*Asks:* 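Structure in structure tokens, see below.
Because the structure is a prediction, the values reported are computed rather than measured.
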Amino acid sequence: MAYILCIETSTTNCSVALVKDKEVIRLKEDYDSTYSHAERLHTFIDDVVKEEGISLKDLSAISISKGPGSYTGLRIGVSAAKGLCFALDIPLVSIPTLQSLALQVPYKKNSYIIPMIDARRMEVYSAVFSDSYKEIRETKAEILTDSSFDKYLQKNKVYFIGNGVEKFSGLCSEKNAVFIQNKLPSANEMGGLSYAKFLKKDFEDVSYFEPYYLKDFIAG
């Protein structure tokens, strides 16, 4: 039996899940429009552990959503995850943010899933997944136009999800486009992915691990 603590801070959603093997058994998140990670993250970690009646010493691993996303949010989450790994002497697992976000889309045969995260102005971070949640195009930072993702939209239904959806829904009039509004990455979808990596001992080097920023930080 393994307890894995999953942390997601790549957007405004400060989210923490406790996973027992691959099942999410506790979830705390602040699905807000402002960043509350510095105030809430450690409280949420304490809450999910105490509610399950275990201690931090019972954890088998820490899982972190590695990005892309908010520079500050990712830094806070990764710093907390690495601190716990060092203190508890347990491994670190990292999960691509867009991969877990794609899992929020219900299975639809013969479709594509494109999770997208806001990256300032008309730019988003996005990747493309098959209907079986397999990545078929790598994560990119791209400027949206009315012809973005035409390659996929001309073939099948495409489900767009994430906080970049609002930008693209105003540009795209393709009938195959389905826009899933008001969804952010959550630790709730990290459980199965984290447990699979844990079983394979697919761990990060805690000393050298850094978030996947994709772009350099620009002060606002």
*Asks:* Can you list the steps and then say if Q104 with E189 is a side-chain contact (heavy atoms from CB on, under 4.5 Å)?
*Replies:* CA-CA 7 Å; Q104 293 190 33; E189 282 70 47; 3.4 Å; yes

*Asks:* Report yes if some heavy atom in the side chain of K157 is under 4.5 Å from a heavy atom in the side chain of N110; otherwise report no.
*Replies:* no

*Asks:* If the threshold is 4.0 Å, N to carboxylate O, is there a salt bridge linking K66 and E8?
*Replies:* no

*Asks:* Within the structure provided, determine whether F129 and Q99 are in side-chain contact (heavy-atom separation under 4.5 Å).
*Replies:* yes

*Asks:* Could you tell me if the side chain of S94 sits less than 4.5 Å from the side chain of Y212, heavy atoms only?
*Replies:* no

*Asks:* To check you understand the geometry: which heavy-atom pair defines the closest contact between S111 and N156, and what is its length?
*Replies:* CA-CB, 4.3 Å

*Asks:* Can any side-chain N or O of Y107 pair as donor or acceptor with the backbone N or O of Y133 at less than 3.5 Å?
*Replies:* no

*Asks:* According to a hydrophobic-cluster definition based on side-chain heavy atoms being under 4.5 Å apart (Ile, Leu, Val, Met, Phe, Trp, Tyr only), do Y213 and V124 belong together?
*Replies:* no

*Asks:* Please check if the side chain of D46 supplies one atom and the backbone of T43 the other of a donor-acceptor pair under 3.5 Å.
*Replies:* no

*Asks:* Nearest 0.5 angstrom please: N13 CG to K183 NZ, how far?
*Replies:* 10.5 Å

*Asks:* About how many Å separate CD1 of I161 and CG of N182, when rounded to the nearest 0.5 Å?
*Replies:* 10.5 Å

*Asks:* Taking the side chain as every heavy atom from C-beta outward, state whether N176 and Q154 have any atom pair closer than 4.5 Å.
*Replies:* no

*Asks:* Working to the nearest 0.5 angstrom, can you tell me the gap between R40 CZ and S15 OG?
*Replies:* 13.0 Å

*Asks:* Hey, can you tell me if F168 and F149 have their rings parallel, tilted or perpendicular (30° and 60° cut-offs)?
*Replies:* perpendicular

*Asks:* Measure the SG-NE2 distance between C14 and H42 for me, rounded to the nearest 0.5 Å.
*Replies:* 9.5 Å

*Asks:* Carefully, step by step, assess S169 and F160 under the rule side-chain contact (heavy atoms from CB on, under 4.5 Å).
*Replies:* CA-CA 9 Å; S169 63; F160 296 92; over 6 Å; no

*Asks:* Might you confirm whether atom CZ of R26 has over 12 heavy atoms from other residues, nucleotides or ligands at distances under 6.0 Å?
*Replies:* yes

*Asks:* If only atom types and distance count, is the side chain of T9 paired as donor or acceptor with the main-chain N or O of G73 below 3.5 Å?
*Replies:* yes

*Asks:* Stepwise, does the side-chain contact (heavy atoms from CB on, under 4.5 Å) test hold for I62 with I90?
*Replies:* CA-CA 7 Å; I62 305 295; I90 56 177; 3.8 Å; yes

*Asks:* Could you please spell out the steps behind the side-chain contact (heavy atoms from CB on, under 4.5 Å) verdict for L193 and S100?
*Replies:* CA-CA 8 Å; L193 299 172; S100 62; 4.1 Å; yes

*Asks:* So if you build clusters from Ile, Leu, Val, Met, Phe, Trp, Tyr with side-chain heavy-atom gaps below 4.5 Å, do V128 and L144 land together?
*Replies:* yes

*Asks:* Do V24 and Y3 sit in the same hydrophobic cluster, where Ile, Leu, Val, Met, Phe, Trp and Tyr count as joined when their side-chain heavy atoms come under 4.5 Å apart?
*Replies:* no

*Asks:* Does the R137 side chain pair with the main chain of S126, one donor and one acceptor, at a distance under 3.5 Å?
*Replies:* yes

*Asks:* Side chains of E29 and S186: is there a donor and an acceptor less than 3.5 Å apart?
*Replies:* yes

*Asks:* Treat each ILVMFWY residue as a node, draw an edge where side-chain heavy atoms are under 4.5 Å apart, and state whether V16 and M190 are in one component.
*Replies:* no

*Asks:* So do the side chains of K82 and L92 get within less than 4.5 Å of each other, counting heavy atoms only?
*Replies:* yes

*Asks:* Judged by atom type as modelled, is there a donor-acceptor pair below 3.5 Å linking the side chain of D118 to the main-chain atoms of N163?
*Replies:* no

*Asks:* Can you tell me how far the OG atom of S36 sits from the CZ atom of F44, to the nearest 0.5 Å?
*Replies:* 6.0 Å

*Asks:* Might you point out which heavy atoms bring P68 and S10 nearest each other, and give the distance in Å?
*Replies:* O-CB, 4.0 Å

*Asks:* Minimum heavy-atom separation for L101 and P115, please, with both atom names.
*Replies:* CD2-CB, 3.7 Å

*Asks:* Are the side chains of Y112 and I136 in touch, meaning some heavy atoms are under 4.5 Å apart?
*Replies:* yes

*Asks:* With the side chain counted from C-beta on, respond yes when L84 and L59 share a heavy-atom pair under 4.5 Å apart, and no when they do not.
*Replies:* no

*Asks:* Identify the two heavy atoms, one from G191 and one from V19, that lie closest to each other, and give their separation to 0.1 Å.
*Replies:* CA-CG2, 3.6 Å

*Asks:* Parallel, tilted or perpendicular: which one describes the rings of H37 and Y35, with boundaries at 30° and 60°?
*Replies:* perpendicular

*Asks:* Ignoring hydrogens and geometry, is there a side-chain-to-backbone donor-acceptor pair from K167 to R121 under 3.5 Å?
*Replies:* yes

*Asks:* With no hydrogens and no angle check, is any side-chain donor or acceptor of Y31 less than 3.5 Å from a backbone partner on L184?
*Replies:* yes

*Asks:* What heavy-atom pair brings A127 and T139 nearest, and what distance separates the two atoms?
*Replies:* CB-OG1, 3.8 Å

*Asks:* Does D21 use its side chain to pair, donor to acceptor, with the backbone of A2 at less than 3.5 Å?
*Replies:* yes

*Asks:* Answer yes or no: is there a donor N or O on one side and an acceptor on the other, between the side chain of K109 and the main chain of D131, under 3.5 Å?
*Replies:* no

*Asks:* Is it possible for you to say whether I7 and V93 belong to one hydrophobic cluster, with membership spreading through side-chain heavy-atom contacts below 4.5 Å?
*Replies:* no

*Asks:* So, the side chain of S79 versus the backbone of I76: is there a donor-acceptor pair under 3.5 Å, distance only?
*Replies:* no

*Asks:* Rounded to the nearest 0.5 Å, what's the gap from CD1 on I113 to NZ on K134? Could you check?
*Replies:* 12.0 Å

*Asks:* Are side-chain N/O atoms of S70 and T72 paired as donor and acceptor at under 3.5 Å?
*Replies:* no

*Asks:* May I ask you to check whether over 12 heavy atoms, not counting those of D89, lie within 6.0 Å of atom CG?
*Replies:* no

*Asks:* Would you say E52 has more than 12 foreign heavy atoms packed within less than 6.0 Å of its CD?
*Replies:* yes

*Asks:* I need the minimum non-hydrogen distance between I95 and S63, along with the two atoms involved.
*Replies:* CG1-OG, 3.5 Å

*Asks:* A side-chain contact here means heavy atoms from C-beta on lying under 4.5 Å apart; do V105 and V178 qualify?
*Replies:* no

